[in-house]
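Bear in mind that the values here come from a model prediction, so they are computed numbers and not experimental data. For this chain, numbers begin at 1 and follow the sequence in order.
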Amino acid sequence: MNWRKSTYSGGGEGNTCVEIAALSTRIAIRDSKVPARAVLSVPALSFAAFVEHVKRTARPGA
């Protein structure tokens, strides 16, 4: 899997973020601090809807 961190990851050493990997029809999500632990997998369309919702409702400076 090709894991990548969010561009909105925490500052410093980037130790407060999640990583995602695109699969054929799903998105895999893991904690970057403990990558060997469990991975959450959700349908790609659901993940896209979640990201769009967050973008629409995010408060600047929060």
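Ile20 and Val34 are assigned to two separate hydrophobic clusters, defined by single-linkage of ILVMFWY side chains at heavy-atom distances under 4.5 Å.
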| Is there a side chain to side chain contact (heavy atoms under 4.5 Å, CB included) between Val42 and Phe50 once you walk through the steps? | CA-CA 11 Å; Val42 296; Phe50 169 73; over 6 Å; no
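Grouping Ile, Leu, Val, Met, Phe, Trp and Tyr by side-chain contacts under 4.5 Å, direct or through others, leaves Leu45 on its own. When hydrophobic side chains of Ile, Leu, Val, Met, Phe, Trp and Tyr are connected at separations under 4.5 Å, Trp3 ends up clustered with Met1, Leu23, Val39.
The two residues Lys5 and Ser32 have their closest heavy-atom pair at CE-CB, 4.0 Å.
Summarising the geometry, atom CD belonging to Glu19 is positioned 8.5 Å from atom CG belonging to Asp31; distances are rounded to the nearest 0.5 Å.
In this structure Ser41 satisfies the side-chain hydrogen bond (donor to acceptor under 3.5 Å, both in side chains) test together with Arg26, sequence neighbours excluded.
Sequence neighbours left out, the pairs with a member in residues 34-52 that pass salt bridge (charged side-chain N to carboxylate O under 4.0 Å, His left out) are Glu52-Lys55.
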